[in-house]
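Keep in mind that what you see is a predicted model, and the values were worked out from it rather than measured.
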Amino acid sequence: MWIPYPPQQVDSASSAVSKASLLARVLVEDFRQYVARRNLSWEPDGRIVSAPRAGVEISYVDHYGTVCPVVLFRICPPGEGPAIANPTWWLHAIGYSTPFGDSLFRMLVSSAAACLTGGALVSA
């Protein structure tokens, strides 16, 4: 899934990356609520990553202490995202296999889209 950054707010790599810390906080909080509603023993975590590309990784720590990634949101320049009329910076959501599968991935992607754009998503 691709999430477009609002072009009026993000026009460079630095402005795209500057949104990452807010995005991480919002996603971890939404993930905490998801975990609480399901009475899971997971501890949600979010971190800013820089290699091989800047982005936000959301994961959880299970009851064994294992860090389990859920989704990686990579920041991508306009030329790497879907072809649209007005090129923009993108977040590319890459999901990992989890016990809750697509529903958890979709929840986090929707939360990221709401945080950045008010809900806009592009499938590709």
Side-chain angles (χ1 to χ4, degrees):
M1 296 298 279
W2 295 86
I3 303 167
Y5 276 101
Q8 67 278 16
Q9 296 176 22
V10 175
D11 60 358
S12 66
S14 61
S15 60
V17 170
S18 72
K19 304 262 185 213
S21 62
L22 170 65
L23 179 62
R25 286 193 306 271
V26 167
L27 292 174
V28 168
E29 182 53 37
D30 288 352
F31 194 12
R32 278 191 208 295
Q33 292 174 16
Y34 180 94
V35 166
R37 284 191 303 269
R38 285 161 181 75
N39 293 320
L40 300 170
S41 60
W42 298 349
E43 180 56 37
D45 185 40
R47 66 187 184 103
I48 308 300
V49 295
S50 59
R53 168 156 303 161
V56 175
E57 183 178 72
I58 302 299
S59 57
Y60 65 90
V61 180
D62 68 11
H63 59 279
Y64 298 111
T66 303
V67 176
C68 306
V70 175
V71 63
L72 172 64
F73 293 96
R74 293 182 326 136
I75 298 170
C76 298
E80 291 184 21
I84 60 171
N86 298 319
T88 187
W89 283 80
W90 297 92
L91 274 183
H92 183 207
I94 302 166
Y96 297 94
S97 178
T98 67
F100 287 91
D102 286 346
S103 66
L104 177 55
F105 174 73
R106 280 192 309 272
M107 185 277 296
L108 289 169
V109 169
S110 294
S111 179
C115 176
L116 291 180
T117 67
L121 288 170
V122 177
S123 295

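Across every non-hydrogen atom of Tyr60 and Pro99, the tightest pair is OH-CD, 3.4 Å. Closest of all the heavy-atom pairs between Met107 and Asp30 is CE-O, 4.2 Å. When all heavy atoms are compared, the tightest approach of Pro69 to Ser59 is CA-CB, 3.6 Å. The shortest heavy-atom contact between Tyr96 and Val71 is CD1-N, 3.7 Å.
For the pair Val28 and Ile58, the minimum side-chain heavy-atom distance is below 4.5 Å. You'll find the side chain of Ile3 reaches within 4.5 Å of the side chain of Val109, heavy atoms only. At least one side-chain heavy atom of Trp89 sits less than 4.5 Å from a side-chain heavy atom of Pro77.
Sorted by first and then second residue, the salt bridge (Lys or Arg N to Asp or Glu O under 4.0 Å) pairs involving residues 72-82 (not counting sequence neighbours) are Arg53-Glu80.
Hydrophobic clustering, with ILVMFWY side chains joined whenever heavy atoms are under 4.5 angstrom apart, keeps Ile75 apart from Leu72.
A distance of 6.0 Å separates CH2 of Trp42 from CG of Leu104, quoted to the nearest 0.5 Å. Distance check: Leu108 CG to Leu27 CG gives 6.0 Å after rounding to the nearest 0.5 Å.
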Can you list the steps and then say if Val49 with Val56 is a side chain to side chain contact (heavy atoms under 4.5 Å, CB included)?
CA-CA 6 Å; Val49 295; Val56 175; over 6 Å; no

Could you go through Asp45 and Val67, starting from their C-alpha distance and side-chain angles, then the distance that decides it, and tell me whether this counts as side chain to side chain contact (heavy atoms under 4.5 Å, CB included)?
CA-CA 9 Å; Asp45 185 40; Val67 176; 5.6 Å; no

Show the atom names and distances, to 0.1 Å, of all donor-acceptor pairs under 3.5 Å that link a side chain in residues 18-26 to residues at least two apart or in another chain.
unit_1 : atom_1 : unit_2 : atom_2 : d
Ser18  : OG     : Ser15  : O      : 2.7
Lys19  : NZ     : Gln9   : OE1    : 3.2

Kindly list each side-chain donor-acceptor pair under 3.5 angstrom involving residues 31-41, sequence neighbours excluded, with atom names and distances?
unit_1 : atom_1 : unit_2 : atom_2 : d
Arg32  : NH1    : Glu43  : OE2    : 2.5
Gln33  : NE2    : Glu29  : OE2    : 3.3

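Between His92 and the options Trp2, Tyr5, Phe73, a ring-ring contact (aromatic ring centres under 6.0 Å, His included) holds for only Trp2.
The backbone N or O of Arg106 sits less than 3.5 Å from a side-chain atom of Ser110, completing a donor-acceptor pair.
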